[in-house]
Amino acid sequence: MSFPLLTVTAAVPAVGAVLTAAVPAARRTAAKWLALLFSLATLALAVLVAVRFKPGGARYQLTESHAWIADFGVRYELGVDGIAVALIALTALLIPFVIGAGWNDADPLETSSSRWRPTQGFFALILMVEAMVIISFEATDVFLFYIFFEAMLIPMYFLIGGFGDRAHAGSEENAAAQRSYAAVKFLLYNLVGGLIMLAAVIGLYVVAGNFSLQEITAARAAGTLDMATNTERLLFLGFFFAFAVKAPLWPLHTWLPNAMGEATAPVAVLITAVVDKVGTFAMLRFCLGLFPDASKWATPAILVLALISIVYGALVAVGQRDIKRLVAYASISHFGFIIMGIFAMTSQGQSGATLYMVNHGISTAALMLVAGFLISRRGSRLIADYGGVQKVAPVLAGTFLIGGLATLSLPGLAPFVSEFLVLVGTFARYPVIGIIATIGIVLAALYTLVLYQRTMTGPVKAEVSGMHDLRLREVLVVAPLIVLLIGLGVYPKPLTQIVNPAVEHTMSDVHEKDPKPQVAVEAKNGEAAK
């Protein structure tokens, strides 16, 4: 039997979580280094997965399949395509930076014993989320995917509710109440989505007789799986609803600003750059793969919702006074672009959407982590409490600017490539939707530049006059992300050559081909007329 690389890649952070949690309370520093070590080991394994994956090979590679609950057709089946490889690499890449940025976030506060924050638990929960996200990207058994899709909510609930942002206006009691509200809202929204998906998973089993993604898609392609139109549409809606909550798509988005606002900056990155990507990934793998006809039936409505997310998220971000909530609403707008690219049903749109998942993860991590460093120095999340930071902390201001420019998809930085492909792919089939979506680009420039201007430029406020610049640990966290933003912006080929073959398979699932450019069609008709 070949080496179970995918299982080991998901198991290493899970083992690390258990060992980190078991470190004695007095050995906080040892727990931090142990968690970092396991996250780096996971990154090494993710690199090995990417190296062993052959873009021109079989659709699902490094596969594993073992009987699990045989009586109900449940198997332990894993496999990765190019999209999963890219997102596993993103997850494994970001976790060491999340740990490094949150190095002191869970330490106890000496001034109040009632605000003890168990350091070991904080880092153990981060590693557990990583393990569950990775196996969600690997699972090709629908029931196996569902288990971890839901299970990751538990550690995230404790990370949001138990380790909130210390820069909270008002009393500690008020801060605790706000954290609890955000955590419960996050859990309830996603649990409702998960319960609806569970009904759809059971319905899928009744229709197909098993949970294997590969077997079901093969049966559909061969015409041996009889699924009534209304049944397929209902099952699609059950899956899509859960993924739209996780994504998050308007109007199911309202949990995200609360969760990101009350969580620490590293946990906020974990939410939007890692966990939420499971929702958009699942739309590609399960919605389009299992229910191609229903996906095309629902496309017009989904594109309208995605368009509303783009414009609404950007508009609300413009009016935000809280730095972290601004980034949260900007992410809602960006997820609208991702979902629009997925359901544009073009290879450019879906390639762009996949690249957008990766590039948004990197850019949001860079911006949010630097924002977290800024907030920890001033002790406030309000934009109005800052001014002139670039004069006293130029490195912090510079990295904040690059992260912000990446968020508005400046040419030369990684998100530009993905946003451009999404818009081109959407315009090719739905020109009106593509044109209106460009409003999000204009608004992104507005909220990003206004944020930078109000916090970093102008007279130096007395409260920030003594602010120190980034420390070595903080530079080591942010610098690689900046390098990646520039590198993938200039040369995205390493990602595109892995992703594009998987997108071709997805396009084949939904029986779609890219529309021919209108200019080329008119030219061909003109030649024929001559």
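All residue numbers in this chain count up from 1 along the given sequence.
Here the closest non-hydrogen pair linking A344 and G425 is CB-O, 4.0 Å. Annotation for T140 and L78: closest pair OG1-N, 3.8 Å, computed over non-hydrogen atoms. When every heavy atom of M507 is checked against every heavy atom of M345, the shortest pair comes out as CE-O, 3.4 Å.
Between atom CG of residue L303 and atom CD1 of residue I308 there is a gap of 11.5 Å, rounded to the nearest 0.5 Å. To the nearest 0.5 angstrom, I126 atom CD1 is 8.5 Å from D105 atom CG. One distance of note links CZ of F239 with CE of M283; it measures 13.0 Å at 0.5 Å rounding. Remark: N210 CG to F143 CZ distance equals 13.5 Å, nearest 0.5 Å. Annotation: the span from T229 atom OG1 to L234 atom CG amounts to 11.0 Å, rounded to 0.5 Å. Atoms CZ and OG, on F97 and S39 in that order, are 9.5 Å from each other to the nearest 0.5 Å.
A donor-acceptor pair under 3.5 Å links the side-chain atoms of W255 to the main chain of V245, judged by distance alone. For the pair H360 (side chain) and L355 (backbone), a donor-acceptor distance under 3.5 Å is absent. For S333 (side chain) and G313 (main-chain N/O), no donor-acceptor pair under 3.5 Å exists by modelled atom type. T272 places no side-chain N or O within donor-acceptor distance of the main-chain N or O of A268, the cut-off being under 3.5 Å. Judged purely by atom type and a 3.5 angstrom limit, S309 has no side-chain atom pairing as donor or acceptor with the backbone of L249. Between the T364 side chain and the G361 main chain, no donor and acceptor come within less than 3.5 Å of each other. Judged by distance alone, with hydrogens and angles left aside, the side-chain atoms of E262 form no donor-acceptor pair with the main-chain N or O of A259 at under 3.5 Å. Side chain of K246 to backbone of F149: a donor-acceptor contact under 3.5 angstrom is found. In this structure, the side chain of T217 engages the main chain of Q214 through a donor-acceptor pair within 3.5 Å. Looking only at distances, a side-chain donor or acceptor of K324 sits under 3.5 Å from a matching main-chain atom of A263.
Under the 6.0 Å distance and 45° angle rule, K32 does not count as a cation-pi partner of F123.
When ring centroids are compared, F281 and F137 come within the 6.0 Å threshold. For an aromatic pair to be called close, the ring centres must be under 6.0 Å apart, and F240 with F291 fails this. For W68 and Y76, the gap between ring centers reaches or exceeds 6.0 Å. Proximity of the aromatic rings of F211 and Y205 is defined here by a centroid distance below 6.0 angstrom, and this criterion is met. Checked against the 6.0 Å centroid criterion, the rings of F335 and H253 do not qualify as a close aromatic pair.
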TODO: Just do the salt bridge (Lys or Arg N to Asp or Glu O under 4.0 Å) check on E504 and R59 with the steps written out, would you?
DONE: CA-CA 10 Å; E504 291 175 6; R59 179 173 187 176; over 6 Å; no

Task: Full working for side chain to side chain contact (heavy atoms under 4.5 Å, CB included) between L90 and M357 - done: CA-CA 9 Å; L90 171 70; M357 292 185 225; 5.6 Å; no

TODO: Apply side chain to side chain contact (heavy atoms under 4.5 Å, CB included) to the pair T20 and L127, showing each step before the final yes or no.
DONE: CA-CA 9 Å; T20 300; L127 290 176; 3.9 Å; yes

Task: side chain to side chain contact (heavy atoms under 4.5 Å, CB included) assessment of V184 paired with Y157 - done: CA-CA 7 Å; V184 170; Y157 168 80; 4.1 Å; yes

Task: salt bridge (Lys or Arg N to Asp or Glu O under 4.0 Å) evaluation trace for D81 with R285 - done: CA-CA 10 Å; D81 60 3; R285 172 169 279 191; 3.6 Å; yes

TODO: Report the C-alpha separation of V278 and M152 in whole Å, then their side-chain angles, then the decisive distance to 0.1 Å, and conclude whether the side chain to side chain contact (heavy atoms under 4.5 Å, CB included) test is met.
DONE: CA-CA 10 Å; V278 179; M152 69 179 69; 4.1 Å; yes

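Counting only heavy atoms from C-beta outward, the side chains of L204 and I216 approach each other to under 4.5 Å. Contact check for T426 versus T346: no side-chain heavy atoms found under the 4.5 Å cut-off.
In this view, R52 satisfies the side chain to side chain donor-acceptor pair (under 3.5 Å) rule with no residue, not counting sequence neighbours.
The aromatic rings of F145 and F243 sit perpendicular to each other, their planes meeting at more than 60°, with 30° as the lower class boundary.
Within a 6.0 Å sphere centred on CZ of F38, other residues, nucleotides and ligands contribute more than 12 heavy atoms. For R473, the CZ atom is densely surrounded, since the number of other residues' heavy atoms within 6.0 Å is greater than 12. The local environment of OH in Y60 is crowded, with over 12 non-hydrogen atoms from other residues, nucleotides or ligands closer than 6.0 Å.
The closest side-chain donor-acceptor pair between Y356 and T280, if any, does not fall under 3.5 angstrom. Side-chain polar atoms of T299 and Y430 form no donor-acceptor pair below 3.5 angstrom. Under 3.5 Å, the side chains of S212 and E77 contain a donor-acceptor pair of N or O atoms. Inspection of the E64 and T7 side chains reveals an N or O donor paired with an N or O acceptor under 3.5 Å. Side chains of S65 and R75: a donor-acceptor N/O pair is present below 3.5 angstrom, by distance only.
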